[in-house]
Asker: 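Sharing a structure, written as structure tokens. Questions coming.
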Protein chains: 2
Amino acid sequence: MIKQDRDIILKPTVNDIARVAGVSLATVDRVLNGRPGVRGVTIERVNKAIQQLGYVRDTAAANLARGRVYRFHFLLPESNNEFISLLEEQISHLSEVMALDRTRLSFEKVPAFDPQAMARIISEIDPEDVNGIAIFSPETPSVRDAVDQIKKRGVSVVALVSDLPSSKRDHFVGIDNVAAGRTAGQLMGHFLSKEKGKILVVTGSMLARDHLERRLGFDQVMTESFPGITVLPSLEGRDDPDLLERLLPDAFATEPDITGIYSSAAGNLGLIKFLRKGGLDQKMVVVGHELTPLSRDALEQGTFDAIISQDTGHLIRSTVRILRAKTDNLPINISQERIRIDVYLKENMPLLGG
Amino acid sequence: MIKQDRDIILKPTVNDIARVAGVSLATVDRVLNGRPGVRGVTIERVNKAIQQLGYVRDTAAANLARGRVYRFHFLLPESNNEFISLLEEQISHLSEVMALDRTRLSFEKVPAFDPQAMARIISEIDPEDVNGIAIFSPETPSVRDAVDQIKKRGVSVVALVSDLPSSKRDHFVGIDNVAAGRTAGQLMGHFLSKEKGKILVVTGSMLARDHLERRLGFDQVMTESFPGITVLPSLEGRDDPDLLERLLPDAFATEPDITGIYSSAAGNLGLIKFLRKGGLDQKMVVVGHELTPLSRDALEQGTFDAIISQDTGHLIRSTVRILRAKTDNLPINISQERIRIDVYLKENMPLLGG
DNA sequence: TTGTAGGCGTTATCAA
DNA sequence: TTGATAACGCCTACAA
């Protein structure tokens, strides 16, 4: 076999730098952490040694020594939505796991569809208490301003699930929603057996950037590749199952030749209830978003045909890694942080809790 | 906002245990690491303190102190296969990343389709050099025995991509290949516009458990849900593009009404070359495995319609986490280690390197 | 069978 | 502007 180097190549430590640069540990540390009180010449010398030896700091040891605690806070919309619940679970779970890692996570629900509330809550955050926040919110001017303000006060900001591109957020953690909509469209087109028909689109809120983008992508593909299919205007469910259950019968009464339904939001309860009640002339092709207990069951039963999803565990872990990197001014590994657009059929659904 | 506990709840340390149990640090450490030389009574006392305080060891500090180096070795089949290349890249990449983490990774290519060679190489591994190995190999009695032997000598073993269930391997890291085949079948069935026709199945080797299982799952779904479709016997490409390019024209000459191709192995080059040459009467529906530069391009161009994949980065990271946990006798977080069956259409293909 | 003391790589306090 | 020195939580010679 190809032998591994038995003579362990030990990485240089601060001690080595100190020796080579001819200074003390404390000075090396000051240079390393950009603290004041070192002459320019000395800084030069230390940096040269660092370069020369190819020094890389041992984060574990550093964290051990400084006993630092990272505090990250998640702001989530207050809606009875399974996807949000999954995010909450993942936050709680990761919080336990990372307690040993001196990382504390917390979350808070913010009235949904109320940008003012979100902006207010962001502005009330105390930079003493929190190193970074993750925001799942529609993009509005007030939210944008609140983000820029809190950033100025030294808090790192990640936009979660729905991007806030006009703000100074450090990073967006979520999927490309146009591509997700396109994927849904492609599946829908292929799964429909007829070349004609109408598609009903059920969405959460027209305000939300993620839903808009999904709709856009969906329409693109239907127009390009399935011109015989008509996509109807979106039905706005506002994450309210009862509202949706009332709206749906009307929609089908008005448009009798609907053959497929695209549910672009995570609130699937109303839709599933409606479909289970029966009463429709034909089997609908249904494509939904987010793998949750409910949608998983719908897929299992054949009520849904496909689900586009994003891994909530990955979303939360990625957010935390990025917030840590940002607070420490460290680079992030983009490729690890890219969230995939998952496609699930009944066949490849992961086990619950997987 | 919901205030986080400002008074940091510090976790108990070995010192606290020592104090509570009325013993020294060294004794606590001995108990913690199951080292000999402690009276039963004392062990009891220490364990009670550990329970009582809810102590959890700080692995980072422990590793720092012992300066331990983990050495893991990967055994991969020696075949000109993009999927294997991706695995190699991920190993090299992770090896760099984890150097700081005192973890050294290496890999070695083993003659493909030669179980004896694999068994020999496994048996030659020196437990002094390596803490754990990951094996990507067909399951044969000799490999099984070699695995059991090396396990006895204290080396942790992970079966990678293709399981070795009859052996004493510690864990299998890979997808459920029956489910993967079923997923391929479901997509194929839906993507075919006609209800009749024949499907050509191209595989790597009939020896490989993963391919067999995929074929099994594929057949299940076709029989259950698309009874009008005939699935032809597998064409064995042995990861040899030239061989496949020669075999394919014959197959089409013999069976003129083929409408779809299922490529259940990772070696797609021969198939793609053949399809690009044209000469077929109609557009084939093609479902392949593993997202690689080649298959990605085929998807982009419309030569392939869907790809079933497994994330190579996840495979390698998961393997390493598991080998570490096994060498340290630590529990593993099953849910994080479950490898997803990814479905990619042109629309949701991640960027290269993502 | 048990304890003492020193060290892993980094940070932080205090004195020089 | 710099440097000793002690800590962080854990492990391990060596001594008792």
Asker: Quick check: does any side chain N or O of B:Asn33 sit under 3.5 Å from a backbone N or O of B:Asp29, one acting as donor and the other as acceptor?
Answerer: yes
Asker: Just to verify, which of A:Thr312, A:Val161, A:Ile175 counts as forming a side-chain contact (heavy atoms from CB on, under 4.5 Å) with A:Ile339?
Answerer: A:Ile175
Asker: Please state how far atom CG in B:Asp58 lies from atom C1' in D:dG9, giving the value in whole angstrom units.
Answerer: 6 Å
Asker: In terms of side-chain heavy atoms of B:Ala65, which of C:dC8, D:dT12, C:dT10 is nearest?
Answerer: C:dC8
Asker: Find the distance B:Tyr55:OH to D:dC11:C1' and express it as a whole number of Å.
Answerer: 11 Å
Asker: Please determine whether a side-chain nitrogen or oxygen atom of B:Arg35 lies at a distance below 4.0 Å from atom OP1 or OP2 of D:dC11.
Answerer: no
Asker: List the steps and the verdict of salt bridge (charged side-chain N to carboxylate O under 4.0 Å, His left out) for A:Arg102 and B:Asp58.
Answerer: CA-CA 10 Å; A:Arg102 291 160 238 282; B:Asp58 182 331; 2.8 Å; yes
Asker: Pick base, sugar-phosphate or nothing for B:Asp29, based on heavy-atom distances below 4.0 Å to the nucleic acid.
Answerer: base
Asker: Tell me the interatomic distance from B:Arg66, atom CZ, to D:dC11, atom P, rounded to whole angstroms.
Answerer: 6 Å
Asker: Give me, pair by pair, the N or O atoms of the protein and of nucleotides 2-4 of chain D that are less than 3.5 Å apart, along with how far apart they are.
Answerer:
residue	atom	partner	partner atom	Å
D:dT2	OP1	A:Arg39	NE	2.9
D:dT2	OP1	A:Arg39	NH2	3.0
D:dT2	OP1	A:Thr42	OG1	2.7
D:dT2	OP2	A:Arg39	N	3.0
D:dT2	OP2	A:Thr42	OG1	3.3
D:dG3	OP2	A:Ser24	N	2.8
D:dG3	OP2	A:Ser24	OG	3.3
D:dG3	OP2	A:Thr27	OG1	3.0
D:dG3	N7	A:Arg30	NH2	2.7
D:dG3	O6	A:Arg30	NH1	3.3

Asker: Using only atom types and a distance under 3.5 Å, with no angle test, would you say the side chain of B:Gln90 pairs donor to acceptor with the backbone of B:Leu315?
Answerer: no
Asker: Please report, rounded to the nearest Å, how far the C1' atom of C:dT10 is from the CG atom of A:Asp328.
Answerer: 13 Å
Asker: Roughly how many Å is it from CG in B:Leu64 to P in C:dT10, rounded to a whole number?
Answerer: 9 Å
Asker: Do the side-chain N or O atoms of B:Arg102 get closer than 4.0 angstrom to the phosphate oxygens (OP1, OP2) of C:dC8?
Answerer: no
Asker: Report yes if a side-chain nitrogen or oxygen of A:Asn33 is closer than 4.0 Å to either non-bridging phosphate oxygen (OP1 or OP2) of C:dT11; otherwise report no.
Answerer: yes
Asker: Is the closest side-chain heavy-atom distance between B:Asp148 and B:Lys152 below 4.5 Å?
Answerer: no
Asker: Whole-Å distance between D:dC8 P and B:Asn15 CG?
Answerer: 8 Å
Asker: Give a yes-or-no answer on whether the side chains of B:Asp311 and B:Ser309 include a donor-acceptor pair shorter than 3.5 Å.
Answerer: no
Asker: Does B:Asn63 make a side-chain N or O approach to OP1 or OP2 of D:dC10 shorter than 4.0 Å?
Answerer: no
Asker: Do A:Tyr55 and A:Leu32 come within less than 4.5 Å of each other through their side chains, counting heavy atoms only?
Answerer: yes
Asker: To the nearest angstrom, how far is B:Leu32 atom CG from D:dC10 atom C1'?
Answerer: 9 Å
